[in-house]
Amino acid sequence: MWLLLLVFAFLVLGLTSVAGTTLWWMLHAWRTPETLASTGFAAGAARSIGPGAQEAEIPGDRSTRSYSLIVPARHEEAVLGATLRRLAALDHRDVELLVVVGDDDPGTAAVAEQIRSERPDRIRVLVDHSQPKNKPRALNTALAECHGDVTGVFDAEDEVHPALLHHVDSCFDSTAADVVQGGVQLMNYRSTWWSLHNVLEYYFWFRSRLHFHADRRFIPLGGNTVFVRTKLLKAAGGWDPEVLAEDCELGVRLSTAGARVAVAYEAGLVTREETPPTIPALVKQRTRWNQGFLQVLHKGVWKRLPTLRQRALARYTLSMPFLQGLTGVLIPLSIVAIVALRMPEILVLLSFVPALITLLTVAVQAAGLRDFCHNYGSRARFRDYVRLVVGTPFYLILLSFAALRAVAREMFGHRSWEKTAHVGAHRTGLVTATEGA
Amino acid sequence: LIETLEDLETIGSLELRTDLDLHAVHPPSKGRARARMRNAWSWCFAHRLGIAVVFALLLVNGYAQAHNMYRAPQLTNDDEGTYAAQAFAVLHFHALTPYTYWYDHPPLGWILIAGYMFFTGALAHTPSAVDAGRQAMLFFGELSVAFLYLLCRRLGLARWSSSLGVLAFSLSPLALSYHRQVLLDNVATCLLILSFVLALSPRRRLLSQAMCGLCFGACVLSKETFLLFLPAVAWQLWRCADKRTRAFVLATAGSLFVLSLSLYVLYAALKGEVLPGKGHVSLVGAIEWQLAQRPSSGSVFSHSTGAHSTVTGWLSQDPWLLGAGAALIPIAFTRRSLRPVAFAYAFTVVAILRPGYLPLLYVIGMLPFAALCIAGGVDTAWRWRPVIELGRLLPRSGRWRSPALSTARLEGSISIRLLGPLVAALCVVIAITGAAPAWAKADHYLLSANDDGTYLQAEQWVEAHVPRYDRILVDDDAWVDLVRAGFPPNQVVWFYKLGTDPAVDRRFPDGWRDFQYIFAAHTIRYIHVPQTMWTIQALSHSKPVATFGTGQWSVEIMKVDSSRPVIGATSQKSVRP
């Protein structure tokens, strides 16, 4: 009986700390108004975003840096054209776009060639012959050809702000960083019930949590809108082709090497994306990331981080998929335990604390939804809040399922790349609304 | 060693490398602990004056509250003993109360008192359990003083006016006599002031402002009547939250408040005691009783009502703190930063006027806000620098406008700069000449009287003369002391529970006839409500064997007649009631 109680107390404590730290790091950017102000691009630049900004006070084209932007594309005929046109129109003196298409993907290659013929000065199309095909291999194929001082990555469906590079430029200047991670934001929060949760996850991750990781100098980078000094990236050997979350792996490797990462999120400047179109796609995408995190955890590069605190944070962050899966199993178990063990009231009350923190998290997400809509020129309706609250348990189940699936796949050695399809849902509705504003 | 990125060697072919070391490029900041120490030290140095003032205020309040606190004020009813006994139950029986907990008040207040007793071992060092509780009150009182000073400063008041307010809060005889008593309201007041302090975080920290919600939740869980301050706390929080982070502040603080209260409901739910039902107490039933079934105290303005005598009772103890606070509300309201606290006081004053039950202890929550209004009002008056522009007083046009009047000499303004300080000084002078003598007299009484000595003597007599197997009806002030003196906890019975708590009645099927002694202090002799029928009958069948003191506060030990001999009573020794 005592042993059971002890195990129970340990579980409750564990669940509480997982829920508590997740919540606290979610709120990192909002700790004080000053912190919030410091999470954007350089303070002066922040004011220049918005309608008519180009004419106003964007730092002039005096950049001394050149940029190579890699766009890996695989079966992206539907969205690639618009993305490339936008990227080719980026307002910067010296940009080259490297579009990587697979040798088995003539459709996408045709689209890329067509856009190249429109802007031959800026776009190059590279064919990736590597096998099996995945994103890090495509990126490495392009990296060998990169000539810019800074290499950036964009995905084929990204909506990029025309003035982004200026801000990235000034961020490199003002922070002396080796890596700049810009904001990425899913936009279509009204498409489905889960897209709302997915959008908010991105919002809290890029708006807040990544800043925390940058402060602690341990950061799993995002998959796009990430800019690395080419020299460093080449010296580090590019991306690890064996890992399913190549972005996270690069971030961990560069953090371990001691690189300085600056994170900047500015609502007007984020790269806009869309949520996966179906629940299976969402689960697959999440499984891939989770599995990637576990792979990075096993690879153990993070063990060379200089301080114990950083190593603890790394171990904790990278095992999050595992913990998340565990949570999914443990919560039903703890309910059974509460009913079956007939424990004293005080212990039962304590066991509710993780659940209360989860409720608190939902309230914070509601505030985040309001903030998100406010920042993107929209207004959350009552319906959206209801959807948020009602959908939370189901979304948590989805996440737990994906986490368990990742753990299982990793255990059984299934490491194939499950690619996410894109339909372009983020290019309607809200986006046009804000662009018009 | 790589010192700049330029030192990186360019490799022709990509090869994954995990041994890069750029730490020389971005050296980690060193000596963080030492820097923190230095910061703490320089913070203390920068605030040395404030720290000295707080220290002095703590000394003054500590002396006023602690000196003679075991002897005065009088144990008027057994509330003090009740909370001391409940704290004792938390410590020794791991239960919320010695008897069935019936949701009369949420339990956090006496849990905190129990926490104090646990960490200091106060029960072992004091003559009686109530005195251990009073020691805990001293602790919470000192905290309240420090928090109140901090709150004044965070509201932008000067050191001298903040000190003035705090001194009024700790030296008013009304405040002093209540602050000494073991009351949940004192704990709640401390937490309430802290919630305001947390809301007024100078750097508008989310954590601090979120904790405000939790702290106010704890405040309401200590004494439910403090829910009355919810609008004021919410206003203060709204005002202090930055526009950019307000949504998150309100979401976290609001949900922490609601969730902390929900723990209480959850506790009731786990025991199956949320809704009223046959054979058990319930949360909803208790709330219904508190809100609807308590007799109305009537209007404050008509004589012979309970509310009237309650309010006049407060004012007879000290009219100055409450009165001056109320008089200065309008001045405090002229300053934006003071509005929420001035509103809190105004709101509680107005709430007295509503019909319904007016608890005697209601005033305790008002006291810090009265003090804040005094400090804020005087400070605002002191800073008032009125300037009258003469040009505005004269007609600008029309035929009465004389050309001579529009000269530059009269277009200027008359400064009556000293008016503000004069008003403030006047307030202080009136307070000193009016309040100080009355306060000195009343405080002197509290610092020197021995009101509770007879009670303690009576307890000692019982401990010396009554066999441990006899059953005694007591009031709550004596309960813990007799239990600690060796009487089995189920044989010393709080008189109020006989006839009201089924668990007690089951053990004493013959009612008053099961008892041998009555510890008849003021509470037992003067409370005559239908619920205490057994006690009244026991009193009428008993005669005093020892009397301590004279008059209404005397204590009589009564021996009950016609009681049957007790068989096997000692065998129940270890059973808790």
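Computed from heavy atoms alone, side chains included, the values below leave out hydrogens, waters and symmetry copies. Order of the sequence lines fixes the chain letters, A, B, ..., with proteins taken first and strands second; residue numbering starts at 1 for each chain.
- With rounding to the nearest 0.5 Å, the separation of CG in Leu359(A) from CG in Leu256(B) is 11.0 Å.
- Leu349(A) contributes atom CG, which lies 8.0 Å from atom OH of Tyr267(B) (distance to the nearest 0.5 angstrom).
- Environment of CZ in Arg370(A): sparse, with no more than 12 heavy atoms of neighbouring residues, nucleotides or ligands closer than 6.0 Å.
- Between Glu242(A) atom CD and Leu16(B) atom CG the span is 9.5 Å, to the nearest 0.5 Å.
- Looking only at side-chain heavy atoms (C-beta outward), Ile346(A) and His94(B) stay at 4.5 Å or farther from each other.
- Contacts between Ala176(A) and chain B at a heavy-atom distance below 4.5 Å involve the backbone alone (N, CA, C, O).
- Between the OG atom of Ser255(B) and the CD1 atom of Ile357(A) there is a distance of 11.5 Å, given to the nearest 0.5 Å.
- In this structure, CZ in Phe352(A) is found 6.0 Å from CG in Leu270(B), a value given to the nearest 0.5 Å.
- For Ser208(B), no part lies near chain A; criterion is any non-hydrogen pair under 4.5 Å.
- Both the backbone and the side chain of Asp240(A) come within contact range of chain B, judged by heavy atoms closer than 4.5 Å.
- Using a 4.5 Å cut-off between heavy atoms, Leu250(B) does not touch chain A at all.
- Counting non-hydrogen atoms of other residues, nucleotides and ligands closer than 6.0 Å to CZ of Arg239(B) gives a total above 12.
- Within the 4.5 angstrom heavy-atom criterion, no atom of Ala366(A) approaches chain B.
- Annotation for His23(B) and Pro306(A): closest pair NE2-CG, 3.5 Å, computed over non-hydrogen atoms.
- Contacts of Trp24(A) with chain B are made by side-chain atoms alone, with heavy-atom separations under 4.5 Å and no backbone atom involved.
- Chain B forms the most heavy-atom pairs under 4.5 Å with one residue out of Leu356(A), Val353(A), Leu23(A), and that residue is Leu356(A).
- Thr32(A) places a side-chain heavy atom less than 4.5 Å from the side chain of Arg205(B).
- Residue with the most contacts toward chain B among Leu254(A), Thr35(A), Leu360(A): Leu360(A) (heavy-atom pairs, distance under 4.5 Å).
- In this structure, the portion of Arg304(A) lying under 4.5 Å from any heavy atom of chain B is its side chain and not its backbone.
- The two residues Arg17(B) and Arg253(A) come nearest to each other via the heavy atoms O-CD, 3.3 Å.
- Contact annotation: the side chain of Leu36(A) never approaches that of Asp242(B) to less than 4.5 Å [non-hydrogen atoms, C-beta and beyond].
- When all heavy atoms are compared, the tightest approach of Trp30(A) to Leu206(B) is O-CB, 3.4 Å.
- With a 4.5 Å cut-off on non-hydrogen atoms, Val301(A) touches chain B through its side chain but not through its backbone.
- Annotation: maximal heavy-atom pairing with chain A below 4.5 Å, among Lys271(B), Arg244(B), Gln209(B), occurs at Arg244(B).
- The number of heavy-atom neighbours closer than 6.0 Å to NE2 of His147(A), taken from other residues, nucleotides and ligands shown, is above 12.
- Proximity to chain B (any heavy atom under 4.5 Å) is shown, for Leu232(A), by both the backbone and the side chain.
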